[in-house]
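The structure under discussion appears below in the form of structure tokens.
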Amino acid sequence: MIENLVIVESPAKAKTIEKFLGKDFKVVSSFGHIRDLAKKNLGIDIKGGFIPDYEIPKDKIKVVNELRKAASEAKTVWIASDEDREGEAIAWHLVEVLNLDPQKTRRIVFHEITKSAIEEAIKSPRTVDMNLVNAQQARRILDRLVGFEISPVLWKKVQPALSAGRVQSVAVRLIVEREREIINFKPESSFKVTGIFNTSSEAAAGENSFKAEAVTKFHNEDEAVRFLEICREATFTVKNVTVKPGTRSPAPPFITSTLQQEAYRKLGFSVSQTMAIAQKLYEEGKITYMRTDSTNLSRMALAKIRDVIVNEYGEKYSKVRQYKTTSKGAQEAHEAIRPTYPEKATITGTQAEKRLYELIWKRTIASQMADAQIEKTIIAIEMNNSPVIFNAYGEVILFDGFLKVYSESQDIEGSEDEKAILPRVNTGMKLFYEKITAIEKYTSPPPRYTEASLVKKLEELGIGRPSTYAPIISTIQQRGYVARENRPGEKRKITVLDLTGGNITRAIKTEIFGKEKSKLFPKDIGMIVNDFLMENFSEIVDYNFTAEVEEQFDKIASGQLAWNKMLENFYGPFHKTVENTLEKRNKTTGTRILGIHPETGETISVKMGKYGPVVQAVHPEKSDKPRFASLQRNQLIETITLEEAVKLFSLPRSLGTYEGDEIIVGTGRFGPFVKYKNKFYSLKRNIDDPYLITLERAIEIIKEKDIADKQKIIKDFGEIKVLNGKYGAYINYKSENYRIPKGTSVNDLTEEECMKIIEKKQKSGK
DNA sequence: CAGTGAGCGAGCTTCCGCTTGACTT
């Protein structure tokens, strides 16, 4: 018999809490939700008044059985799931599934995981709050209705196996709309003028010199040249010097979304990588819970952090701060993400674990440190023959404060102005230019989303939760709506004008623009689905939809609105839209007619085909079968031109013969290739172009790969081969691979021994 | 690994949020 059974959501939390509670308490975990809507079918009896049909998922049966057993042996059951909507629902499901007496079951919440907080919680138990539970049920049912009614519409009208939902569809919309902004963006250029000035005309170049930029931009080269000619004749004097004291404050401690952003910016971790590493740190007791939207730090943590700062950096570096959570829809069931033991600045573990921990440690410590004191200086320089002013910006840190430990990164590279140390100058002082440069600058389109910046945007909109940011990102990629891709960038010419020693020189330089690394690009199917949803389900993909239903969930939680009434109001019009769309809409393929093939007279169009986007050529008079060609990886239905489409039909083509056999170049499922003697050779990405490749280059690729393949072969017994792979040697037989048992000397393997390994696996496998 | 795109029909796909392992390769 157990005196007290406490149920929490996470096993790591259970372990910690058990230590605080002593012998009379047994603490176990529910591993999150233990029941959900039926997996098959809708799982909701709509006519009966939106009655949910709950079932215990397969992977939860074991946990539930253990919980049932423990509960039946306990005198008192305490449910300590999180203090939010989902946590309350977990508590209610536990009461139902474990057959607990609602009046005798004690619902408690921990505001922080400390002995005193837990003891405090034990003193004030309550019963399960059914209003809050109903708000969760309404949320759950609404999401199921939206997802399971719209997705089948997509299967019928667009393509099988697609999906739509309150959260994922908005995420896709953000990426599609951003891409269209970029497609429609027209870069404009202007000339930015910067000068390097010096207080003396004789100083050696660089010594005591400083940079200043002209406040005015010049529209074109003529204007820029004219201005440099004026500069050539000008006398420059210091107009005034402004010195402004300023302060900078640290960023709040990490929550899930900010951790994902900073880990991406500073460490280059993907959202899912960050979460996996954080999970590990959490399980090892090194950090607090990693799925949180609260910037709150426990009182105990605040005190410990203060000690660390005072010991390490001194009293004047400490400033105790409590941050307010600003994000929309925050439910604040946990603390901020912080080191469990702030006195440990480093840990043992893998390189990635160490780096992520260090990032969390620095951010946490910095958040409790003093403001940095800065002195900003602006030197304004005037000209005797022009109204244009040059400004030099300088910054001196008088007291580093939190900057000693941590400074937050920006999303856009180079967005921070260059801040230099300026020489002492006085108003009226004469200045001499060393060099004045007018450089052509193009405006840039808005940036594409990274995984982390998408999470940031979703959080701003109040869409998704800390536990779902990473899964959302993988879902929209799995469905093929978006993809994380790189782009090599394009070259463009820019004009640079230099004025030195009275001479103006002009140079043309090239710059690379549009280079992208690991950015989210929409795919054709994402754009088609998005347009379809915008046209037919604009309410669901509206950026405010979540916020609006959240308001109603809040009303349900406070008892002002009945949950089934809310669902009825939503479902009535929604379901009508679903039926109308099913009835009226034709199948969407996103077809665009591009024009007429200049040589054959065929009509060229582009659309979403069965296996992906294709261009199609149909002759208006002849009744031949249409010709098809797949789009290339970086082409979109929306932007492909007639010229590019026509080019796609020129593959596959023959390059000629090599040692009597033909070499054919084409493009397939895995990109461009050459085919020789029935063997395929991939072209090198970003180096070879299937439309331009020469016979010589093709032969080179073939030879290279043949050599590489030969090195791969350790032993060749004909049908059986011993090959060298990424993870060491393995056996290949009839296009199946077999692992070589550990401790085998690979070089001494005989054909018979290989066959034994193969037979052994074939027997055990089936 | 690389070709595919006629048409029919059966049977399948799908949501969001809470939590960790259990599975191969």
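In what follows, chains are A, B, ... by sequence order, proteins preceding strands, each numbered from 1.
- Look at A/F148 and the base of B/dT14; the rings stack, centres closer than 5.5 Å and planes less than 30° apart.
- For B/dA2, its base never sits under 3.5 Å from the side chain of A/T667 at any donor and acceptor pair.
- As judged by a 4.0 angstrom heavy-atom cut-off over every strand, A/R144 is placed among the base-contacting residues.
- The main-chain N or O of A/N131 is found under 3.5 Å from a side-chain atom of A/D129 such that the two form a donor-acceptor pair.
- The shortest distance between the side-chain N/O atoms of A/Q279 and the OP1/OP2 oxygens of B/dT20 is below 4.0 Å.
- Atom NZ of A/K705 has more than 12 neighbouring heavy atoms from other residues, nucleotides or ligands inside a 6.0 Å radius.
- Between A/Y676 and A/Y681, the two ring planes are tilted [angle within 30° to 60°].
- The phosphate of B/dC15 (OP1 or OP2) has a side-chain N or O of A/R479 nearer than 4.0 angstrom.
- Judged by ring centres under 5.5 Å apart and planes tilted less than 30 degrees, A/W155 stacks against the six-membered base ring of B/dT13.
- Put simply, the residue from A/E86, A/K60, A/H93 that forms a side chain to side chain donor-acceptor pair (under 3.5 Å) with A/H33 is A/E86.
- Within the 4.0 angstrom heavy-atom criterion, base atoms lie near A/V614.
- Distances shorter than 4.0 Å separate none of the side-chain N or O atoms of A/S467 from OP1 or OP2 on B/dG17.
- In terms of position along DNA chain B, the nucleotide closest to A/K705 lies nearer the 5' end than the nucleotide closest to the other residue of the pair A/K705 and A/K625.
- Within 4.0 Å of A/Y681, counting heavy atoms only, lies no atom of the nucleic acid at all.
- Note: CD (A/E88) to P (B/dC18) measures 14 Å, nearest angstrom.
- Classification of A/E602 and A/R627 as a salt-bridged pair holds, one side-chain N sitting under 4.0 Å from a carboxylate O.
- The shortest distance between the side-chain N/O atoms of A/Y282 and the OP1/OP2 oxygens of B/dT19 is not below 4.0 Å.
- A donor-acceptor contact under 3.5 Å is formed by the side chain of A/S630 with the base of B/dG5.
- Summarising the geometry, the separation between CG on A/L142 and P on B/dT14 is reported as 20 Å, rounded to the nearest angstrom.
- If you look at A/Y282 and A/Y289, their ring centroids are closer than 6.0 Å.
- Contact between the side-chain N/O atoms of A/S81 and the OP1/OP2 oxygens of B/dC18 is not found at any separation under 4.0 Å.
- Residue A/Q168 has a polar side-chain atom (N or O) positioned under 4.0 Å from OP1 or OP2 of B/dC16.
- Note on A/P626: nothing from the nucleic acid sits closer than 4.0 angstrom, heavy atoms only.
- Here A/T475 lies in heavy-atom contact (under 4.0 Å) with sugar-phosphate atoms only.
- In the interface, the side chain of A/R140 is paired with the base of B/dC15 through a donor and an acceptor atom under 3.5 Å apart.
- In the interface, the side chain of A/R291 is not paired with the base of B/dC18 through any donor and acceptor atom under 3.5 Å apart.
- Within the 4.0 Å cut-off from OP1 or OP2 of B/dC15, at least one side-chain nitrogen or oxygen of A/S163 is found.
- A/G612 comes within contact range of at least one nucleobase, with a heavy-atom separation under 4.0 Å.
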